[in-house]
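Reckoned from all heavy atoms, side chains included, excluding hydrogens, waters and symmetry mates. Numbered from 1 within each chain, the chains take letters A, B, ... in sequence-line order. Everything numeric here is computed off the predicted structure, so don't read it as measured data.
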Amino acid sequence: MKKLNQFISAGFLAITLFACKPNVNNDVNISNYKNGIFVVNEGQFPNGLSALSYIDKTKKTVVSDEYKAKTNKSLGLLAQSVNKFGNKIYICVTNSNVVEVVSSDKFVAQQSIQALKPRYIHQINAKKAYISEWGNTSAESAIRVIDIDNSTTLKTIPVDPGAEEIVVYGNRAYVTCNGGFGSNNTIAIIDITTDALIAKIPVGPNPDGIVLDKENNIWILCTPQYDANFNKINDGKLVRLNTFNNTFDKSFTFVNQFGGASNLKINASGDMLYYNYDGGLYKVATSTPSIVPQIVRYGNYYGIGIDPSNNSVYVSDAKNFSAKGQVHRLGDDGSIIETYDVDVVPSEMHFID
Amino acid sequence: MFEAKDRSDSFFFTHVFMLKKIIIFSILIVTLFCNQRSYAQDSIDVTLLKTVNVKGKFKNNNVGLQTLVVEKPTFFIGSLGQGLQGYSQVNLRSYSAGGLQSLSIRGSSAAQVATIWQGMPISSATLGQLDFSLVPLALFDNVQMTIGGSSQQWGSGALGGTVQINGKSDLVVKNSLQLVSSGASFNNYQGMCSYYFSNNKFSNSTKVLYNDAENNIFFKDPKHNFKKLSRLNNARFNQQAIVQENSFKIYKTNLVSIRAWLQKTDRQIAPNIYATNSDEAQQDNHIRLHFEHKNNNQRVLWQNRVGFSKEELHYSSQVVNNLFKTQNIFAESEASFFYKQKVLFHIASSYQYANVVANNYISQAPFISKPSIFGDVTFKLHTHSKIQLGLRKEWTQLRQVPLVGHLGYDVDINKYNFLYANVARHYRLPTLNDLFWKTGGNPNLKSEQGFAQGIGWRNSNLKPLLIHVSTFSRIINDWIIWKPITNAFWQPENIGQVWSRGVEVEIEHNLIAKKETQFLNRISSSWIKSTNTKVDAFQSSSLYKQLPYIPIFNASHTIRIIKHGYELKCQTLLQGKRYTNTDNSNYLKKILLTDISFLKNIVHKRYSTYLSFGINNVWNTNYQFIENRAMPLRNYFVQINQQLNINKK
């Protein structure tokens, strides 16, 4: 009987072994997205299509145009940003007037949220998210409140032209309004419990990037303002909004004639700012009494990403804006540690745990 | 008026074109309507081009170069760009219905093709190129192309080749009236009225043209996975033009010509197929005036010409509002004479001036002043061959200009074989946008310059078969490329070197069979590589890669069958894949387009009527010349051309 059992067990084992197909994992994109980076590629302006690259940090591999590979359709024109919350990935495609939604595990297309020149999407709570929109005209600039479950629009909150990036602190969302097609100098403050606009605060020319530091102060990057004849009339600047007393208590002016600073990011611990300026990547400690920028690395980088898991700095190089670009991971000394070939005009990045 | 502001008040077009409706309605009475509508710039009967050795005009007697004369068919209302499209050395890039058309010759950039009207350069001083969608071919009697660089003859910009458009050059005794009207798919209506009178001493030519097209073409919509058709929005095109030419013969040896070309174009800029709409519009208005004097006293041919043009380009959208006002002055004097019937001397001097007033230039009103002297000497070596040496020196207040030259050789090897060869140095000045654009214009830019060589052979041994094979090589240094200096601002620099080379083959077969049936068959093909051979670090991935939108392989086939006043024409264009970006990582698929047209000519005493009907894009090909810019699917046109020869009895 014992031998019979052994025989039967061996038989089952043999059947089981032969019945199982080898677990072939040819491609990173059939597994869940873990420990990776989604890179938004704007595409060649004005006619090229955007793409979403995926960098697997573990395998050091890149999947080109992951969106098209999985959904069998192109992403559209001028993808601006990507975000993930819940079990969905949201991609704001500005010039196609849509926010594409895909599942975060297998990248299956879910919905297409119609929006007017969408720029960024930010989760407010488990039920709703805000989409910043430039609108088709400056007058249409708004925050679109959507229901996360069914992606329907709950409300639209008009704000000043060029609604751009969003941070949330307490019961308030702070939205930079960079002018969009023109110029503007305010940030909008929205009560996230009522979705009502509370205030518009003048901050400086064309406020663009906005981040929250570890001391719950808000940093805003303003970009230069030009007149109709392209004469600079206001310098760009980096300012700090003290959320305790709602005053701007720190400011640093960028005086370069051609362009200002851009791509304001903050590390995971909330104590170091990064931005591009004048052909270089700079960092600024948030806690020093005055703003003292330090060069990290020289180079024209089109996007910056900070890995929240280890504070590694990534920069995207758009090359000549007509060929495939690269994403570099930088060491503490600013040297390039890793390089990934991605798609055309890489810009924003989103890190997946 | 479209969304751009109406600036026509500053022109006298408004008054001139008050007559337009009267003319158009009288012409369009006979216009038929189709159930599908037309692409304004595509209701074409692509012209047949012929390679010739141009003789007569001394300046065009380019030894060692290939010159093509566009044979205009009796029915043609379309743009100059479409008229040149059927030739393999030429690559037309069309930005959708009613949109910009730029031309590349032998793998050049669009700014490296010079366009000449009556000897006067008309390429834009700001962009360095001409929008070929804005030039109605019907307004001109003679169109020629020089394939290959000819900076020695035409100065800056003629690196790839030249397109020369001219009116009637001689006094041909005639008195005729012509009315042409057409209706086509996509609400496309076109009409032209021309009157020509000439006796032995005086000629008058008046041509008035009107074109209006909605251009709401169908395209396969990517938003529906290319399975559904959508209509293109915001592509309206409206154009009015008049060309007036008068010539006077003074004594036996002098001919004086005065010409005016007035044109007004309003158009919307169509959106990309991934966008739903566009708020862009553009207005292009110009007045061009030309005076020419020729004296041929049998010993010396003197030619003097003076030109003036005033141009406005107004581009507007929600984001951009750019207005360019350009004035050009041109003067040229040349003399040609033989020495002992064996040496032909040609000496000339010219002066060009252009200034631009624009709201986005570093300088308030930048200008370029360009005097030059040039000339060539042609030696007739024996009865069958000649050699030509030419030099040109230009000066500008902006920078040094290289001395350019040309050495050409023609030989009739025997009755059936003709060989030609040339080597030349060419150059192109930076455009005013390159120099003065705010922000990014680079006043320190140098000229693009380089050398080109070409050789060609024509054989007619197997008559009626004609075979023409040519090959060329051209290297351009200091190629101007705009590169980003920050994330928001770009600046042009002399950082590129591009090597273009290729082989072109044409086979022509003309046969007149029994019962007066004529068969005309022509195949033209080219293989052209145009690659970056030196690049800056920022675009290292484009090294040795083909330039965007230059097809490596290009071919066309035209067949015409003519019998007893009937004509059937079929033209097929095959264009190989075209890369859309500099690292060649993305490309547009090859294109196969066929257009068919049918013509009936009815002659009754002094009246001739040409009725034509055509189908463009017969195979309903979904294609693009520029990435994601929709081009029309199958479309139709009908046209009636009525001619009254008043002198004929």
[X] atom [atom1], neighbour heavy-atom count above 12 within 6.0 Å:
X: B:Y587; atom1: OH; value: no
X: B:W482; atom1: CH2; value: yes
X: B:F226; atom1: CZ; value: yes
X: A:D227; atom1: CG; value: yes
X: B:K223; atom1: NZ; value: yes

Q.
At a heavy-atom distance under 4.5 Å, which candidate from B:K438, B:K483, B:K545, B:Q539 has the highest pair count against chain A?
A.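 Most heavy-atom pairs under 4.5 Å with chain A: B:K438.
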Q) Would you say the side-chain atoms of A:N320 and B:T582 include a donor-acceptor pair closer than 3.5 Å? A)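 Yes, a side-chain donor-acceptor pair sits under 3.5 Å.
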Q: Heavy-atom distances under 4.5 Å only: say whether B:I273 touches chain A with side chain, backbone, both or neither.
A: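 Neither the backbone nor the side chain of B:I273 comes within 4.5 Å of chain A.
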Q) What's the shortest heavy-atom distance between B:D583 and A:K324, and which atoms? A)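 That closest heavy-atom pairing would be OD2-N, 2.7 Å.
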Q. Shortest non-hydrogen contact from B:T580 to A:Q44?
A.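 Reported closest heavy-atom pair: O-OE1, 2.9 Å.
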What distance separates [X] [atom1] from [Y] [atom2], expressed to the nearest 0.5 Å?
X: B:F538; Y: A:F321; atom1: CZ; atom2: CZ; result: 9.5 Å
X: A:N136; Y: B:N277; atom1: CG; atom2: CG; result: 6.0 Å
X: B:S542; Y: A:K319; atom1: OG; atom2: NZ; result: 10.5 Å

Q.
If I measure from the heavy atoms of chain B, does A:V344 come under 4.5 Å with its side chain, its backbone, both, or neither?
A.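 The side chain, not the backbone.
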Q: Counting only heavy atoms closer than 4.5 Å, note whether A:N72 contacts chain B via side chain, backbone, both or neither.
A: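 For A:N72, backbone heavy atoms alone lie under 4.5 Å from chain B.
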Q.
Among residues at least two apart in sequence or on other chains, which ones pass salt bridge (charged side-chain N to carboxylate O under 4.0 Å, His left out) with A:K283?
A.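 Not a single residue meets the salt bridge (charged side-chain N to carboxylate O under 4.0 Å, His left out) criterion with A:K283.
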Q: Taking A:N47 for its side chain and B:N628 for its backbone only, find out whether a donor-acceptor pair lies under 3.5 Å.
A: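 Pair absent, no side-chain N/O of A:N47 close to backbone of B:N628.
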Q: Count the heavy-atom pairs under 4.5 Å between each of A:V93, A:N97, A:L78, A:T137 and chain B, then report the option with the highest count.
A: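 Answer, by heavy-atom pair count under 4.5 Å with chain B: A:T137.
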Q: Quick one: which of A:S96, A:G48, A:A323 has the most heavy-atom pairs under 4.5 Å with chain B, could you say?
A: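 Heavy-atom pairs under 4.5 Å are most numerous for A:A323.
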**Q.** Contact check, side chains of B:Y274 and A:N95, non-hydrogen atoms, under 4.5 Å
**A.**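 Result no, sub-4.5 Å side-chain heavy-atom pair not found.
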Q. Just wondering, do A:K73 and B:N225 contact through their side chains at under 4.5 Å, heavy atoms?
A.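 In short, these two side chains touch, coming nearer than 4.5 Å.
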Q | Check against side-chain contact (heavy atoms from CB on, under 4.5 Å), A:S138 and B:Q318 | A | CA-CA 9 Å; A:S138 296; B:Q318 189 180 174; 4.2 Å; yes
